[in-house]
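The structure under discussion appears below in the form of structure tokens.
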Amino acid sequence: MSVAALPSAVTYADAPACEGALLLPVRGVRGGLAFAVQDWVAQEVPVALEFNGISHAVMLATPMDLEDFALGFSLTEGILDGAHELYGVEAEPSEQGITVRLDVAGAAFARLKQKRRSMTGRTGCGLCGTESLAHVSRELPALDDGAPIDRRAIAKAMSRLQAQQTLQQATGAVHAAAWCSAQGEVVLLREDVGRHNALDKLVGALAVGEIEAATGFIAVTSRASFEMVQKTAMAGVPLLAAVSAPTSFAVATAERARLTLVGFARKDDLVVYCRPERLQN
């Protein structure tokens, strides 16, 4: 529960641990009355990703599900061709942040060295440190048509996201990305202060769980930026549904990947920006 929902006399000094958040003292005024409480605040720390001993990226992320994050980032950035190219992951905390060390196959390490990217703090635009325009839009897999998805399944999934967003309920400060079945069941969900990070964590979890990603869709509690579309396509998922709007670059990227892009998915409402033939009713 965030402080916005707290009455003036409540304290959480004895609250159970909340992964991904810190319990901090806060003060404020509500309804003309002053209050002082303990409130959960989402953690945001520098997370450095090292591949075979070489530092590649530093992200600002919530320090939970970091193995999923490391694998998902590696897959959606095209560093790994599959989870089989990741031999091991080890996270080492320090005063400066957390270093996640990945042991990857030689072929993957060769691809990494070709990228020559240094991306610091990608909770923002997603392109910080990209060296040239040629590095922005990578080649994406052409998604298969697959079985159509009922629009009511999207409404069902969106209505069930909040109940599984435990960190968001505690802090009010994080995004979620979820993989949902064609029937609208929320099967996997990951949270992070960065929408890109949440999606990478989800993609990593999908790979570990060996889920047939193409049989369902991804739902996100953010806008649909071009990079969210790009990561969804790299994961082989044919439909992305966002609670907010997409950008023009996101729509163009989705069209190029043959991905169905849905925005403003709220209750029974939605807007389809490309590939509407994948939706029923």
Same apolar cluster: L199 and Y273, side chain cutoff 4.5 Å: yes

Atom pair CD/CD of E90 and E67 - distance to nearest 0.5 Å: 10.0 Å

side-chain hydrogen bond (donor to acceptor under 3.5 Å, both in side chains) between R278 and T260, intermediate numbers included: CA-CA 7 Å; R278 203 174 263 121; T260 300; 2.8 Å; yes

Salt bridge flag under 4.0 Å for residues R258 and D144: no

Test side-chain contact (heavy atoms from CB on, under 4.5 Å) applied to L140 and T253, step by step: CA-CA 9 Å; L140 298 176; T253 303; 3.7 Å; yes

Test: E185 and R160 ion pair at under 4.0 Å: yes

Worked check of side-chain contact (heavy atoms from CB on, under 4.5 Å) between Q165 and L189: CA-CA 8 Å; Q165 292 176 247; L189 183 144; 4.2 Å; yes

Pairwise side-chain contact, V104 with N52, heavy-atom cut-off 4.5 Å (strictly under): yes

Atom pair CG (L143) and CE (M234), whose distance is rounded to the nearest 0.5 Å: 11.0 Å

Separation of L188 CG from I218 CD1 (nearest 0.5 Å): 10.0 Å

Heavy-atom closest pair, residues A198 and H175: CB-O, 4.0 Å

Interatomic distance, K267 atom NZ to F264 atom CZ [nearest 0.5 angstrom]: 16.0 Å

For L49 against A70, the heavy-atom pair lying closest together: CD2-CB, 4.4 Å

Min side-chain heavy-atom separation V220-R195 under 4.5 Å: no

Heavy-atom pair with the smallest gap, counting every atom of A178 and L161: CB-CD2, 3.5 Å

Student check: side-chain heavy atoms of F35 and R30 closer than 4.5 Å: yes

Minimum-distance pair of heavy atoms, taken over all atoms of A233 and L259: N-CD1, 3.9 Å

Trace of the side-chain contact (heavy atoms from CB on, under 4.5 Å) decision for L240 with V262: CA-CA 6 Å; L240 173 64; V262 174; over 6 Å; no

Same apolar cluster (I L V M F W Y, side chains within < 4.5 Å links), V272/M158: yes

R152 bridged to D150 by N-O distance under 4.0 Å: yes

Transitive ILVMFWY side-chain link V251 to F217, under 4.5 Å: no

Over 12 foreign heavy atoms within 6.0 Å of CD, Q162: no

Residue pairs fulfilling side chain to side chain donor-acceptor pair (under 3.5 Å) with at least one residue in residues 203-218, sequence neighbours excluded: none

Validation row: E255, R275 side chains within 4.5 angstrom (heavy atoms): yes

Any P46 side-chain heavy atom under 4.5 Å of I98 side chain: no

In one Ile/Leu/Val/Met/Phe/Trp/Tyr side-chain cluster, 4.5 Å: M228, L270: no

Under 3.5 Å donor-acceptor, W179 side chain and L202 backbone: no

Main-chain N/O of H196 paired to K201 side chain as donor or acceptor, under 3.5 Å: no

Closest contact, heavy atoms only, P238 versus A213: CD-O, 4.3 Å

Interatomic spacing from CG in N197 to CD in E191 - rounded to 0.5 Å: 13.0 Å

L239 with L261, same ILVMFWY side-chain cluster at under 4.5 Å: no

Validation row: L24, W40 side chains within 4.5 angstrom (heavy atoms): no

Closest non-hydrogen atom pair, V47 against V100: CG1-CG2, 3.7 Å

Sidechain N-carboxylate O distance under 4.0 Å for D81, R111: yes

F73 and M59: CA distance, side-chain angles, deciding distance, side-chain contact (heavy atoms from CB on, under 4.5 Å) verdict: CA-CA 11 Å; F73 177 89; M59 317 288 284; 4.2 Å; yes

Test applied, side-chain contact (heavy atoms from CB on, under 4.5 Å); reference residue, V193; option that passes from V45, T62, L60, L167: T62

Polar side-chain atom of R266 near backbone of V243 as donor-acceptor pair, under 3.5 Å: yes

L86 CG to F51 CZ distance, which is reported to the nearest 0.5 Å: 8.5 Å

All pairs passing side chain to side chain donor-acceptor pair (under 3.5 Å) where residues 99-109 contributes a residue, at least two apart: E50-R101, E92-R101

Min side-chain heavy-atom separation Q43-M64 under 4.5 Å: no

